[in-house]
*Asks:* 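First the structure, then my questions, so here it is.
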Amino acid sequence: MATTPSRQQILRLYGSTLRAAKSFSSYNFRNYFVWRTRENFRSIQAEQDPVKVSRAYNEAVNELGVLRRSAIINQIYGGRRLAVEGQSEVGTRIQGS
């Protein structure tokens with residue numbers, strides 16, 4: 001029988017997963033994984049069955065590893081910044097008179 005993770009363990013995993021999600025250089029991937037992380041942990045928080053909580057926790061641990069590796073690849077091959085992210089100061093100023 002699997003032991004139920006403590007609240008502290010779940011919160012620590014949530015923080016690690018959220019940091020990994022925020023480390024994506026791509027705006028769309030970053031926002032998607034932050035949203036997905038919050039939704040996953042809300043469902044864990046709402047769950048009452050200890051077996052399901054344990055199963056969801058173990059799945060989230062595995063997903064954290066995948067997320068970290070994906071973020072590294074995204075940082076290496078990240079594309080240009082989107083307009084919604086705000087460009088650097090070079091080239092964004094309007095030439096005045």
*Asks:* Is Arg55 salt-bridged to Glu47, cutoff N-O under 4.0 Å?
*Replies:* no

*Asks:* Test Thr17 against Asn40 for side-chain contact (heavy atoms from CB on, under 4.5 Å), laying out the working first.
*Replies:* CA-CA 10 Å; Thr17 307; Asn40 284 345; over 6 Å; no

*Asks:* Can you confirm whether Leu18 sits close enough to Lys22 that some side-chain heavy atom of one is under 4.5 Å from a side-chain heavy atom of the other?
*Replies:* yes

*Asks:* Quick one: OG on Ser25 to CD1 on Ile73, what's the gap to the nearest 0.5 Å?
*Replies:* 11.0 Å

*Asks:* Thinking salt bridges, do Arg42 and Glu39 make one under a 4.0 Å N-O criterion?
*Replies:* yes

*Asks:* Give a yes or no on whether the backbone of Pro50 and the side-chain of Ser54 come within a donor-acceptor separation of less than 3.5 Å.
*Replies:* no

*Asks:* To the nearest 0.5 angstrom, please state how far the OG atom of Ser23 sits from the CD1 atom of Ile72.
*Replies:* 8.0 Å

*Asks:* So which atom in Asn74 and which in Ser26 form the shortest heavy-atom distance, rounded to 0.1 Å?
*Replies:* OD1-N, 3.0 Å

*Asks:* Evaluate Arg38 against Val34 for side-chain contact (heavy atoms from CB on, under 4.5 Å), listing each step before the verdict.
*Replies:* CA-CA 6 Å; Arg38 289 181 178 150; Val34 166; 3.6 Å; yes

*Asks:* Dump the intermediate steps for side-chain contact (heavy atoms from CB on, under 4.5 Å) on Ile44 and Tyr14, then the final yes or no.
*Replies:* CA-CA 10 Å; Ile44 292 173; Tyr14 174 67; over 6 Å; no

*Asks:* Could you measure the distance from the NZ atom of Lys52 to the CD atom of Glu59? Nearest 0.5 Å is fine.
*Replies:* 13.0 Å

*Asks:* Give, for atom OH of Tyr32 and atom OH of Tyr27, the distance between the pair rounded to the nearest 0.5 Å.
*Replies:* 16.0 Å

*Asks:* Please name the residue in the list Leu11, Ile10, Thr4 that meets the side-chain contact (heavy atoms from CB on, under 4.5 Å) test with Arg7.
*Replies:* Leu11

*Asks:* Indicate the atoms forming the closest heavy-atom contact of Gln9 with Pro5, along with that distance.
*Replies:* OE1-CA, 3.1 Å

*Asks:* Between Thr37 and Ala21, what is the shortest heavy-atom contact and its length?
*Replies:* OG1-CB, 4.1 Å

*Asks:* Please verify the inter-ring angle class for Phe33 with Phe24; under 30° counts as parallel, over 60° as perpendicular, anything in between as tilted.
*Replies:* parallel

